[in-house]
Amino acid sequence: MSADPIIEFALRMGDNTLVLGQRVCAWCGHAPVLEEDIAFANIALDLIGQTRMWLGLAGELEGKGRTADDLAYWRNDGAFRNCLLTEQPNGDFGHTLMRQYLFDAWHYPMLTALTQSSDPRIAEIAAKSVKEVAYHLDRSRDLVIRLGDGTPVSHDRMQTALDALWRFSGELTTADEIDDVLAASGVAPALADIEAQYREETAGVFRAATLTVLDDAMMQTGGKTGFHSEALGPLLAEMQFLHRSHPGATW
């Protein structure tokens, strides 16, 4: 873990978008309808674009000459700081949508708050990203409601997805020492404030979608400090294979 909390924060934000972007892009050419195929591809591009800014900032602050590409392709899983939710496998279309919604419902208020960060570099990245994420949230929210309150089959699939993924949502708003330091200095918001917005957003959507949250779910944590599920290793192996097989290669 970096001694600089801002570097650690930039890695967390960048790794979230990188890992989720890698997951989402796997739907390109495989989504159930053409419109969703294009939508997922665009969301993946947005997330990777945000990754370049966050990891670029981390590399700059680190001062070791590492670029965003170096941080993406040359770190092993224990050095990644993404939340566990983002690395969970795609599953079916409903599973992917639910994972996206649970992330978007946190990502949007987080970026909105970060536009007021005391660190101008972070505020600038957030301002560039928040409009994209507003679209991501509008889309995932709408689809979760439509499918949850749709046919018996679509409802069952969305409920199954929520049951499987809700236990990974708590990490998004669980503060640790890094989060507390950044909140105290005004660099990032207090996660308790984000949690309140997150709970209000998801509760309203799940009511509209006729979905039920498992209130007694034991929340899983660890990703923000490098302790990941078994799902991350294969994802990184696929993502990093070409770069590591041909180091230094350029187009």
Side-chain angles (χ1 to χ4, degrees), residues 1-2 4-21 24 43 46-61 68 80-86 98-142 144 165-166 168-206 213 219 221-225:
M1 181 178 291
S2 170
D4 186 332
I6 296 182
I7 295 176
E8 192 72 14
F9 181 74
L11 289 173
R12 291 177 179 187
M13 296 296 291
D15 288 347
N16 277 333
T17 53
L18 174 62
V19 170
L20 186 58
V24 171
I43 288 169
D46 289 344
L47 292 171
I48 298 303
Q50 294 165 26
T51 298
R52 293 192 65 85
M53 292 188 286
W54 287 118
L55 295 189
L57 174 61
E60 175 188 336
L61 295 175
F80 272 72
R81 297 293 183 256
N82 59 284
C83 289
L84 297 175
L85 175 68
T86 61
M98 184 58 70
R99 183 190 61 205
Q100 189 68 41
Y101 172 67
L102 292 174
F103 181 75
D104 294 340
W106 167 82
H107 201 198
Y108 179 70
M110 186 67 172
L111 288 175
T112 300
L114 287 174
T115 63
Q116 304 302 313
S117 172
S118 61
D119 188 308
R121 299 161 299 187
I122 288 178
E124 182 180 3
I125 294 173
K128 289 180 179 178
S129 305
V130 71
K131 291 182 180 179
E132 295 173 340
V133 175
Y135 160 74
H136 299 176
L137 177 57
D138 283 345
R139 173 183 172 274
S140 62
R141 177 198 290 135
D142 177 64
V144 166
L165 293 169
W166 182 248
F168 297 108
S169 66
E171 185 178 19
L172 296 166
T173 56
T174 299
D176 62 8
E177 183 180 356
I178 295 292
D179 298 308
D180 291 339
V181 167
L182 294 174
S185 61
V187 172
L191 286 187
D193 295 337
I194 301 300
E195 181 180 20
Q197 297 176 65
Y198 188 76
R199 294 288 182 173
E200 181 179 5
E201 160 69 30
T202 56
V205 166
F206 294 148
V213 171
M219 292 297 174
T221 61
K224 293 199 298 185
T225 52

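Numbering of residues begins at 1 and proceeds along the displayed sequence.
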For Asp142, the side-chain hydrogen bond (donor to acceptor under 3.5 Å, both in side chains) test, sequence neighbours excluded, returns Arg146
When you compare the side chain of Phe168 with that of Leu102, does any pair of heavy atoms fall below 4.5 Å?
no
Which value, rounded to the nearest 0.5 Å, describes the distance between Leu172 atom CG and Arg12 atom CZ?
12.0 Å
As an exercise, state the distance from OG of Ser140 to CG of Asp104, rounded to the nearest 0.5 Å.
4.0 Å
In this structure, OG of Ser169 is separated from CD of Glu195 (nearest 0.5 Å) by 9.0 Å
Measuring from atom CE of Met219 to atom OG1 of Thr174, what distance do you get when rounded to the nearest 0.5 angstrom?
8.0 Å
CZ of Phe80 to OG1 of Thr86, rounded to nearest 0.5 Å, is 10.0 Å
Under a 4.5 Å cut-off applied to non-hydrogen side-chain atoms, are Met110 and Val133 in contact?
no
Taking all atoms of both residues into account, what is the closest heavy-atom pair of Gly14 and Leu55, and its distance?
CA-CD2, 4.0 Å
Please lay out, stage by stage, how Met13 and Leu57 fare under the test side-chain contact (heavy atoms from CB on, under 4.5 Å).
CA-CA 11 Å; Met13 296 296 291; Leu57 174 61; over 6 Å; no
Would you find a donor on one side and an acceptor on the other, under 3.5 Å apart, between the side chain of Glu8 and the backbone of Ile178?
no
Quick one: closest heavy-atom pair of Pro189 and Leu114, and the distance?
CD-CD2, 3.7 Å
Does the Glu171 side chain pair with the main chain of Lys224, one donor and one acceptor, at a distance under 3.5 Å?
yes
Can you see which heavy atom on Leu84 is nearest to which on Gly222, and at what distance?
CD1-N, 4.4 Å
Chi angles and distances behind the side-chain contact (heavy atoms from CB on, under 4.5 Å) call for Asp119, Phe9
CA-CA 12 Å; Asp119 188 308; Phe9 181 74; over 6 Å; no
Can you see which heavy atom on Val187 is nearest to which on Ser118, and at what distance?
N-OG, 3.3 Å
Is there side-chain contact between Leu191 and Asp180, with heavy atoms separated by less than 4.5 Å?
no
State which residues pass side chain to side chain contact (heavy atoms under 4.5 Å, CB included) with Ala190; sequence neighbours excluded, sorted by chain then number.
Ala183, Asp193
Using the side chain to side chain contact (heavy atoms under 4.5 Å, CB included) criterion, which residues pair with Ala58? Sequence neighbours excluded.
Ile7, Ala10, Leu11, Leu71
Applying side-chain contact (heavy atoms from CB on, under 4.5 Å), run through Gln100 and Ile43 and close with a yes or a no.
CA-CA 10 Å; Gln100 189 68 41; Ile43 288 169; 4.0 Å; yes
Would you mind listing every side-chain hydrogen bond (donor to acceptor under 3.5 Å, both in side chains) that reaches into residues 105-116, with sequence neighbours excluded?
none
Only pairs at least two apart or in different chains count here, so list each side-chain hydrogen bond (donor to acceptor under 3.5 Å, both in side chains) that has a residue in residues 49-60.
Thr17-Thr51, Gln50-Glu132, Arg52-Asp69
Taking all non-hydrogen atoms of both residues, which atom of Tyr101 and which atom of Val144 are closest, and how far apart?
CB-CG2, 3.8 Å
Any donor-acceptor N/O pair, Asn16 side chain to Cys83 backbone, under 3.5 Å:
yes
Spacing of CG belonging to Leu47 relative to OG belonging to Ser129, to within rounding of 0.5 Å:
9.5 Å
Any non-hydrogen side-chain atom of Leu18 less than 4.5 Å from a side-chain atom of Asn82?
no
If a pair satisfies ring-ring contact (aromatic ring centres under 6.0 Å, His included) and one of its residues is in residues 170-202, list it, with sequence neighbours excluded.
none
Nearest heavy atoms of Leu111 and Ala126, plus distance in Å
O-CB, 3.5 Å
Start with the C-alpha distance between Leu20 and Arg99, add both sets of side-chain angles, then the distance that settles side-chain contact (heavy atoms from CB on, under 4.5 Å), and finish with yes or no.
CA-CA 9 Å; Leu20 186 58; Arg99 183 190 61 205; 3.5 Å; yes
